[in-house]
Each structure stands twice: as C-alpha cells, then as structure tokens.
Participant: 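After the structure tokens below, expect a handful of questions from me.
Worth knowing before you read on, the calculation uses all heavy atoms, side chains too, and leaves out hydrogens, waters and symmetry mates. Keep in mind the model is a prediction, meaning the values are calculated, not measured.
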Amino acid sequence: MKELENRIKAKTLVLTHGDSDGICSGAIAKTAYPDAYVYFTNPANLLEKLRLIQDVKTLIICDIAIDERNCSELHTALREFAETSDLYYIDHHPLPKSCEKESWFYHDIEACSSELTYRVFEDRLDRDMRRVAIYGAIGDFCDNTPCLKNWVKDWDKRNLYFQAGTLTQAILYKGRDYEFKRKLLEPLSKDIIPSNIPELLKLAREAAINEEKLRLFVKYNVEVLRNSAYIVNTNNSISKAAIYAASYGRREVGIAAEYRERKVAYDLSIRSRGEVDVNNILRSVAPRFGGSGGGHPLAAGAQIPEDSLNAFLRAFDKELGEAHR
C-alpha cells in the first residue's frame, strides 16, 4: 500500500495481475508507455487501490477480473477516471451479469490479456513485442487463438515454448515476491528473452525440481469426491497442485487449497479437464459459504473461510454432478 501511495502522482500508471499473463501484459503496456509505473494488484483489492490514485494522465488496467461484489462501485470509479484521463481496461475474464461495457473497456474471453494489450497498443509497439504476448498466452493456456497461431509463425515455436516455460516456471516459483516481478517486467518490456534475464534459468530449474516433489505429494495424498479431487496445504503452487489433483484423482475437476493465516481463509485453485464451467459454479457456490471466486470456464480461483472449506468442497462437488445432468 505505501509503495502505491508513493507513486499515485505518476502520470502514467499500469495496474496488472501478478501471474505470467499479467506480467507480460504489464511489460507490453510499459513498452507502449516507457515512463509508466507498474503496480501489481488483484480483483479483491483493485477498488481500494483506485481510491489512492490522483491526477493520473493515463491509467491502464490489465488482466484484473471484475469482482462481482463491487462491480457497481468499480464501474462508478472507472467512469470518473475516464472523464479526466485516458483509461484502458484490458481483460479476458468472464464478466458479471450486471457489468456494463464502455468504450474504454477492451474485453475478449477468447484471448489472453497479453494478446489484447498488444492489439490495443499495436501502433506504439515494435512488431517483435508480439513475442512477449505469446509468452503470456502460453503461460495462461490461451495460445490457440487465430491471432496467436498467426504470430507464432514468425518464430521457431520450440524456442518460444522454451522461453515461455522458463518465464512461467520462475514466476510461479517466486510466488508473491512482487519486487522480483517488478524487476522481471523491466527487461521483458525491452524484449529481452527470458533465458537471458539473470537468474531466470536457475529459478526455472529449481521450479521444475520442486514441481516433481509436488506431483508425488499429490499422487499419494489426493482426496477423491464423486465429481472432483482435492488436495490441501501442499505449501506449493496451488494451480499446479489442482492440475495434478485432477490427474491422480481421476476426476474431471481438480482443486487445491492452501491456508492463509493472515486471511483466516483458504485460497483455492480449481482446474477443469472437461466441459463443466467451473467459473459459473464457483460464482454461485462460494458466496453461500462466505467466500468469493471466479475466473475462466476451465480455470478459476476462490477464497473460502477456514471453517467452511469442507462444506464448500462437498457443495461444489454436488453442483459439478448437477451440471453433468
């Protein structure tokens, strides 16, 4: 918070998510606006951060899903910014039903935010920055769009996936280390390949070794329900743990939960390998247990109070079964 307070007078400000897609989106935005200050945030905290910003000339928001709980307040705040500054809200998450679209809202659920950010600022960018958009797309499982398929033809696909894998593994390994992410964003904005960024290859290797330990932990400890499988407290990447929970639980949906003492709640990652829209189910079930959640049809996240986790898991599993009927 103090860090943003020190930067609220920046003329150009980029607010973005801290995953690989958000970092690549932020890097592309910074390439378009080199003097921009980039700050990492998330859907739950976005409105609070907006209230701290003053006298910004250009405000760019990337890869931040709109939280259903404060959709109306957020819309009002953004409209006020649009009246006094150049506003770009670039996102690809499914929208709450009550959300209104505006001219400054660039939204497409079929593409990742990195691709969208490049397309929005294309006139300000060198064509080679498409490569950074491709990294973000691969990291967010959104590399199958017509645009990406066309862009990939300009490079050796094998090297692109090596660079994207190096970047994504290192980001996941560093978790909530936002200072690391901020330093990482700078060379990316200059189109330096991830394998040439100091320490990144070493971190990616450590991440791969760590992931193998995670895989084996999930393999021998996964819990299975009728329609989903889950794992709790791996003290590791919950997105990867959810993937392995589905795999070793032999279920369509995998869930990983990690307890956060400060929140007195569990953070959840949910991954679907089938046709069930876990985003819609999550938006319906989580609030019943005092939680919140959402994301994409096949990949979503949630925060559930500590004493409601078991009840939530079983209610969510029941809704998965209903969705199959």
Side-chain angles (χ1 to χ4, degrees), residues 3-4 6-7 10-42 58-64 88 90 112-143 148 151-152 154-208 210-211 237 239:
E3 176 229 337
L4 182 57
N6 292 334
R7 299 288 182 166
K11 292 301 179 184
T12 303
L13 188 60
V14 178
L15 303 181
T16 193
H17 194 208
D19 66 357
S20 57
D21 188 25
I23 290 172
C24 289
S25 298
I28 293 167
K30 187 166 178 60
T31 306
Y33 292 87
D35 294 331
Y37 181 76
V38 181
Y39 183 85
F40 295 104
T41 187
N42 56 62
T58 303
L59 176 60
I60 304 166
I61 302 170
C62 303
D63 198 32
I64 307 291
Y88 301 87
I90 306 167
C112 71
S113 287
S114 298
E115 177 186 330
L116 295 176
T117 303
Y118 180 90
R119 284 160 49 187
V120 169
F121 299 123
E122 186 168 8
D123 291 344
R124 289 173 164 264
L125 299 168
D126 187 285
R127 197 165 178 266
D128 283 351
M129 282 303 291
R130 291 178 176 181
R131 183 163 60 172
V132 178
I134 295 171
Y135 302 155
I138 293 171
D140 221 40
F141 302 102
C142 294
D143 54 323
L148 261 295
W151 291 354
V152 165
D154 289 334
W155 286 277
D156 185 322
K157 186 175 183 179
R158 295 164 297 185
N159 187 45
L160 284 173
Y161 276 80
F162 169 69
Q163 299 297 340
T166 297
L167 178 66
T168 303
Q169 288 285 75
I171 290 169
L172 286 170
Y173 187 70
K174 294 296 283 186
R176 288 177 168 77
D177 187 343
Y178 293 109
E179 187 58 33
F180 163 79
K181 294 179 180 183
R182 192 167 294 103
K183 291 178 181 177
L184 176 58
L185 190 140
E186 189 68 31
L188 282 176
S189 72
K190 294 177 171 59
D191 192 28
I192 295 175
I193 57 174
S195 60
N196 273 357
I197 297 174
E199 297 296 309
L200 224 58
L201 277 172
K202 178 183 176 182
L203 288 170
R205 180 179 181 274
E206 290 175 0
N210 189 54
E211 182 175 338
S237 166
S239 60

Participant: State, to 0.1 Å, how close Ser25 and Ser114 come at their nearest heavy-atom pair, and which atoms those are.
Facilitator: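 Ser25 and Ser114 have their closest heavy atoms at OG-N, 3.1 Å.
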
Participant: List the residues meeting side chain to side chain contact (heavy atoms under 4.5 Å, CB included) with Ala32, not counting sequence neighbours, and say none if there are none.
Facilitator: Phe121, Arg124, Leu125

Participant: Counting only pairs under 3.5 Å, give me each side-chain donor-acceptor contact of residues 184-198, with atom names and distances, residues two or more places apart or in other chains.
Facilitator:
unit_1, atom_1, unit_2, atom_2, d
Glu186, OE2, Lys190, NZ, 2.6
Ser189, OG, Glu186, O, 2.6
Asp191, OD1, Arg131, NE, 3.4
Asp191, OD1, Arg131, NH2, 3.2
Asp191, OD2, Arg131, NH2, 3.1
Ser195, OG, Gln163, OE1, 3.2
Ser195, OG, Gln163, NE2, 3.0

Participant: With sequence neighbours excluded, what pairs up with Lys157 under the side chain to side chain contact (heavy atoms under 4.5 Å, CB included) test?
Facilitator: Val152, Tyr161

Participant: Ser113: which residues meet the side chain to side chain donor-acceptor pair (under 3.5 Å) condition with it, sequence neighbours left out?
Facilitator: Asp63

Participant: Side-chain contact, heavy-atom cut-off 4.5 Å: Asp143 with Ile134?
Facilitator: no

Participant: For Tyr173, which residues count as a ring pair (Phe, Tyr, Trp, His ring centres under 6.0 Å) partner, sequence neighbours excluded?
Facilitator: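 Partners of Tyr173 by the ring pair (Phe, Tyr, Trp, His ring centres under 6.0 Å) criterion come out as none, since no residue qualifies.
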
Participant: Mind checking side chain to side chain donor-acceptor pair (under 3.5 Å) for Asp156 and listing every partner two or more places apart, or none if nothing turns up?
Facilitator: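 Side chain to side chain donor-acceptor pair (under 3.5 Å) list for Asp156, sorted by chain: Arg158.
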
Participant: I need the full list of salt bridge (Lys or Arg N to Asp or Glu O under 4.0 Å) pairs touching residues 162-175, with sequence neighbours left out, sorted by first then second residue.
Facilitator: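 Those involving residues 162-175 are Lys174-Asp177.
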
Participant: Please work out which of the three classes, parallel, tilted or perpendicular, describes the rings of Tyr88 and Tyr33, given edges at 30° and 60°.
Facilitator: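 Aromatic pair Tyr33/Tyr88 classed tilted.
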
Participant: Specify the closest pair of heavy atoms between Thr16 and Ile64, including all atoms of both residues, with the distance to one decimal.
Facilitator: C-CD1, 3.7 Å

Participant: Taking salt bridge (charged side-chain N to carboxylate O under 4.0 Å, His left out) as the definition, give me every residue that meets it alongside Glu122, ordered by chain and number, with sequence neighbours left out.
Facilitator: Arg130

Participant: Holding to side chain to side chain donor-acceptor pair (under 3.5 Å), I want the full list of residues that pass it with Tyr178, two or more places apart in sequence or in another chain.
Facilitator: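 For Tyr178 there are no side chain to side chain donor-acceptor pair (under 3.5 Å) partners, ignoring immediate neighbours.
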
Participant: Can you pull out every ring pair (Phe, Tyr, Trp, His ring centres under 6.0 Å) where at least one residue sits in residues 181-208? Sequence neighbours excluded, please.
Facilitator: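 Those involving residues 181-208 do not exist here.
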
Participant: Run the salt bridge (charged side-chain N to carboxylate O under 4.0 Å, His left out) test against Lys30 and tell me which residues pass, sequence neighbours left out.
Facilitator: none

Participant: List the residues meeting side chain to side chain donor-acceptor pair (under 3.5 Å) with Ser237, not counting sequence neighbours, and say none if there are none.
Facilitator: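 With neighbours one apart ignored, the set is Ser239.
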
